[in-house]
There are 2 protein chains.
Amino acid sequence: MSVKYKKIAEILEKDIRDGKFNETKKLPTEEELMNIFQVSRNTIRKVVSQLVNRGYIFQVQGSGMFLREAPITDYINLGSLRGLTKNLASQNIETKVVELHVMEADETLAERMQCQAGTKLYFVKRLRIVDGKAFSIEISHFKKDVVPYLNNEIASSSIYSYLIEDLQLNIGFADKVIHCEKIDKESAQLLEVHEHDPALLIENTVYLINGTIFELSQSMFHYQKARLLNRITFK
Amino acid sequence: MSVKYKKIAEILEKDIRDGKFNETKKLPTEEELMNIFQVSRNTIRKVVSQLVNRGYIFQVQGSGMFLREAPITDYINLGSLRGLTKNLASQNIETKVVELHVMEADETLAERMQCQAGTKLYFVKRLRIVDGKAFSIEISHFKKDVVPYLNNEIASSSIYSYLIEDLQLNIGFADKVIHCEKIDKESAQLLEVHEHDPALLIENTVYLINGTIFELSQSMFHYQKARLLNRITFK
DNA sequence: AAGTGGTCTAGACCACCGT
DNA sequence: CGGTGGTCTAGACCACTTC
C-alpha cells in the first residue's frame with residue numbers, strides 16, 4: 001500500500017462510505033483533487049478509475065463525478081475479494097468449521113487446480129451463520145505450498161484476512177461460475193431447508209498475480225437469503 | 001470508436017479470440033505494442049487495462065502479459081453488456097417475443113426506475129431458446145423517452161445491437177442482482193421444467209453514462225442450462 | 001545485468017455539459 | 001463561453017523476474 005494512488009483511493013473510498021459527499025452526491029473535480037492530494041492529474045485519474053471499478057461513482061464528461069446509489073439491502077459483492085466478512089457489514093456473522101485437514105489432489109482436482117495429482121491441499125468446510133441462521137456452506141481447497149499453514153482458529157474468522165495481511169499473498173484474479181441446482185440432503189440439513197429446495201452456487205477459482213491457482217472453492221447459499229450484486233461499468 | 005485505444009483494444013481482442021497468441025500464451029511487450037501501433041506507452045497501457053478488465057489477459061510485473069485460460073463451456077458473461085447473443089457464440093439462439101407493448105410506470109416501477117409514476121415504458125417479454133430448448137425468460141422495461149421505438153422484429157433479434165448501433169445510446173453502467181428461487185407455474189411451463197424447480201434470476205438495472213436509468217429487466221434462467229461467469233481482477 | 005511491467009509527472013488538446 | 005472529463009504524448013524512475 002505504499003503507492004500514492006492506492007492510498008488516495010482508500011481515503012476517498014472511506015470518505016464515500018462515511019457519507020462525506022452525500023449532500024452534493026458529487027466528488028470534487030479532478031483539479032480540486034489534484035490540489036488536495038498534491039499529485040498529478042494522471043494519478044488522480046488512476047484513483048478515480050479505481051472508485052469507478054469498485055462501483056462507487058460514475059463520471060460524466062463535461063459535468064463531474066457522481067456517487068452511485070448505495071445498495072439498500074445487504075448483498076454479496078461479486079466484485080470484491082472477501083466473502084461475507086466484509087460484505088454483509090450490518091449483520092452478525094459466525095463461522096463454524098465443519099472439517100479441516102490436509103489431503104492430496106486427485107486427478108479431477110489436479111486438473112482444475114493446474115497441479116500434479118498428489119499435491120498437498122488444505123481442505124476446509126465451513127458453515128456460515130448470519131444473524132443466527134445458516135447462510136452458506138463453503139468448501140475450499142488451498143494449495144499447501146502457497147498456504148503452508150491453516151488451523152481452526154484462522155478458519156473460524158476470515159481466511160482472506162489471514163492470507164492477505166499475514167501471509168502477504170499477492171492475489172491477482174478470480175473466475176466465478178454461478179449456477180443453481182436442487183440441494184442435496186446433507187446440505188439441506190446444514191442450511192435448514194428442505195431437500196430438493198433450490199441452492200445458489202458459486203464455484204470460485206482464485207489465482208495469484210503470477211497466474212498460479214492457489215484456491216478452488218464452492219459456496220452454496222441459502223436460496224432465500226443470499227443475493228449477489230455485480231456492478232459493472234462499460235467503457 | 002474514433003479513439004486510438006479503443007480501436008487497438010478491438011484489434012487485440014479479436015487477435016486473442018482468433019488464437020493469434022495461443023502458441024506462446026503471451027502478448028507482445030508494451031514496447032513492441034508501442035512500435036506496432038505507433039502510440040505512446042500510456043495509450044498501450046490503457047489498451048491493456050481494457051483487455052485485463054474484460055478477462056482476457058493478466059499482467060505480471062517483470063515478466064509479461066499472459067493469456068487467461070479461455071472458458072471451456074459456454075457461459076453468460078456477467079461483465080459484458082449483451083445478453084445471450086454475444087455470449088453463447090457456439091450455439092443456436094432463437095428469440096420468441098411473448099409480449100410487447102407500451103405501458104405506464106406504476107409506483108413501484110417508478111421508484112425503481114427513478115421516474116414519475118405514469119412515465120411511458122416499453123414492456124417486453126421474451127423467451128430465449130438455445131439449441132431448440134427453452135433457456136430463459138426475459139422481462140424488460142425501457143423508458144420510452146430514451147428508447148422511442150421498439151417493435152417485434154427488433155425484439156426478436158438483439159435489442160442491444162439496436163440500442164447501441166442504431167439508437168447510439170451511451171450506456172454507462174449496470175447493477176445486476178442475482179438470486180435463486182422456486183419457479184412459478186407459468187414460468188415453469190415456458191421453461192419446460194416442473195413447478196417448484198429452482199430458477200436462477202438476474203435483476204438488471206441499466207444506466208446511461210449520464211446516470212439516468214433507462215432499463216429495468218429480469219431474466220429467469222433454466223437452472224440446469226444457465227451458467228454465469230464473472231471474471232475479476234484485483235489491483 | 002537486461003528485460004518488462006508499475007508508478008508518477010507535466011503538459012497539450014479535444015469533447016461535452018451547463019449557463 | 002467557462003468548467004470539467006476524455007485522450008494522448010514524452011520522459012523519468014522504480015520493482016520485479018529471469019538468466
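Residue numbers begin at 1 in each chain, while the letters A, B, ... track the order of the sequences.
The distance between atom NZ of A:K235 and atom C1' of C:dA15, rounded to the nearest whole Å, is 14 Å. Taking atom CD of residue B:E32 and atom C1' of nucleotide C:dG3, one finds them 11 Å apart after rounding to whole Å. Atoms CD (A:Q61) and C1' (C:dC14) sit 8 Å apart, rounded to a whole Å. Atom CZ in B:R45 sits roughly 10 Å away from atom C1' in C:dT4 (whole-Å rounding). Across the protein-nucleic acid pair, B:R41 atom CZ and C:dG3 atom P stand 15 Å apart, rounded to whole Å. Rounded to a whole Å, the CD atom of B:E31 is 12 Å from the C1' atom of C:dA2.
Using the six-membered ring where Trp is involved, A:F173 and A:Y207 have ring planes that are parallel, under 30° apart on the 30 and 60° scheme.
Other residues, nucleotides and ligands contribute only 12 or fewer heavy atoms inside 6.0 Å of the CD atom of A:E153. Annotation for A:E165: atom CD counts as buried by contact number, over 12 foreign heavy atoms lying within 6.0 Å. Counting non-hydrogen atoms of other residues, nucleotides and ligands closer than 6.0 Å to CD of A:Q38 gives a total above 12.
Nearest-nucleotide positions on DNA chain C for A:S2 and A:V60 put A:S2 closer to the 5' end. Mapped onto DNA chain D by nearest heavy atom, B:G62 and A:S63 fall at different nucleotides, with A:S63 at the one closer to the 5' end. Residue whose closest nucleotide on DNA chain D sits further toward the 5' end, between A:I209 and B:V39: B:V39. When the nearest nucleotides of DNA chain C are assigned to B:K26 and A:K6 by heavy-atom distance, the more 5′-ward of the two goes with B:K26.
When the options A:E215, A:E203, A:E107 are evaluated for a salt bridge (charged side-chain N to carboxylate O under 4.0 Å, His left out) with A:R112, the one that passes is A:E203. Put simply, the residue from B:K20, B:K7, B:R54, B:K6 that forms a salt bridge (charged side-chain N to carboxylate O under 4.0 Å, His left out) with B:E13 is B:R54.
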Which is it for A:M103 and A:H141 under the side chain to side chain contact (heavy atoms under 4.5 Å, CB included) test, yes or no, and what are the steps along the way? CA-CA 9 Å; A:M103 60 176 283; A:H141 302 84; 3.8 Å; yes
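If you walk DNA chain D from 5' to 3' and mark each nucleotide with an atom closer than 4.0 Å to a heavy atom of chain A, the marks span D:dG3 to D:dT9.
Using a 4.0 Å heavy-atom criterion, one finds that B:V48 contacts no nucleic acid atom at all.
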